Asker: 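Provided herewith is a single structure, encoded as structure tokens, for subsequent inquiry.
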Amino acid sequence: MRIMVLFDLPTKTVENRKEYLKFRKFLLNEGFIMMQESVYTKLVLNGSSAKFVRDKVKKNAPVDGLVEMLTITEKQFSGIEYIVGRKSDFVLDTDERLIVI
């Protein structure tokens, strides 16, 4: 499953910019990957971990602006069609796991 966070936050005042940067830093620290400016995704293993992540995002979302979340399956996510541009190859963004014993 994937959780997508899409947001549009105000940046007119110094306080707005601080809140924007704080929220963006939170997403990155939680393992979200930036797909586009203000569009971040995170891979989760199951519904319960998705709920945990969604609750955490809700708790850390800024008061002003617009923050939206969407949970989709990997099959739906793999159906993204690139119209202009291309998928970034330098980001490791798969559901494969490395286990070292």
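All of these numbers come straight from a predicted model, not from anything done at the bench.
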Asker: Could you go through Asn16 and Asp64, starting from their C-alpha distance and side-chain angles, then the distance that decides it, and tell me whether this counts as side-chain contact (heavy atoms from CB on, under 4.5 Å)?
Answerer: CA-CA 8 Å; Asn16 287 154; Asp64 295 327; 4.2 Å; yes
Asker: Side chains of Glu19 and Thr11: does their closest heavy-atom pair fall under 4.5 Å?
Answerer: no
Asker: Please find the pair of heavy atoms, one from Gly65 and one from Pro10, that lie closest to each other, and give the distance.
Answerer: CA-CD, 3.7 Å
Asker: Checking side-chain contact (heavy atoms from CB on, under 4.5 Å) between Leu27 and each of Asn60, Val5, Thr41, which is the one that passes?
Answerer: Val5
Asker: Determine whether Met69 and Val53 make a side-chain contact, defined as any pair of heavy atoms from C-beta on separated by less than 4.5 Å.
Answerer: no
Asker: On a heavy-atom basis, which atom in Ala50 and which in Ile3 lie closest, and how many Å separate them?
Answerer: O-CD1, 3.5 Å
Asker: Is the shortest heavy-atom distance from the side chain of Ser38 to the side chain of Asp8 under 4.5 Å?
Answerer: no
Asker: Determine, stepwise, if the pair Phe23 / Leu9 fulfils side-chain contact (heavy atoms from CB on, under 4.5 Å).
Answerer: CA-CA 10 Å; Phe23 185 63; Leu9 302 178; 4.0 Å; yes
Asker: Measure the shortest side-chain to side-chain distance between Tyr40 and Arg24 over non-hydrogen atoms and say whether it is less than 4.5 angstrom.
Answerer: yes
Asker: Establish, yes or no, whether a centroid distance under 6.0 Å links the rings of Phe32 and Phe26.
Answerer: no
Asker: Go through the steps for Met1 and Leu45 under the test side-chain contact (heavy atoms from CB on, under 4.5 Å), then give the verdict.
Answerer: CA-CA 6 Å; Met1 301 179 103; Leu45 296 176; over 6 Å; no
Asker: Backbone N or O of Glu30 within a donor-acceptor pair of the Lys42 side chain at under 3.5 Å?
Answerer: yes
Asker: Would a single hydrophobic cluster contain both Met34 and Tyr20, if residues Ile, Leu, Val, Met, Phe, Trp and Tyr are joined by side-chain heavy-atom contacts under 4.5 Å?
Answerer: yes
Asker: What I want to check is whether the side chains of Arg2 and Thr71 have a donor and an acceptor closer together than 3.5 Å.
Answerer: no
Asker: Less than 4.0 Å between a side-chain N and a carboxylate O, is that true for Asp55 and Lys59?
Answerer: no
Asker: Examine Val14 and Leu21 and state if one hydrophobic cluster contains both, with Ile, Leu, Val, Met, Phe, Trp and Tyr joined whenever side-chain heavy atoms are less than 4.5 Å apart.
Answerer: no
Asker: Could you give me the CA-CA distance, side-chain angles and deciding distance for Ile83 and Glu81, then say whether side-chain contact (heavy atoms from CB on, under 4.5 Å) is met?
Answerer: CA-CA 6 Å; Ile83 308 300; Glu81 183 177 352; 3.8 Å; yes
Asker: Tell me whether Phe7 is reachable from Leu28 by hopping between hydrophobic residues (I, L, V, M, F, W, Y) whose side-chain heavy atoms are closer than 4.5 Å.
Answerer: yes
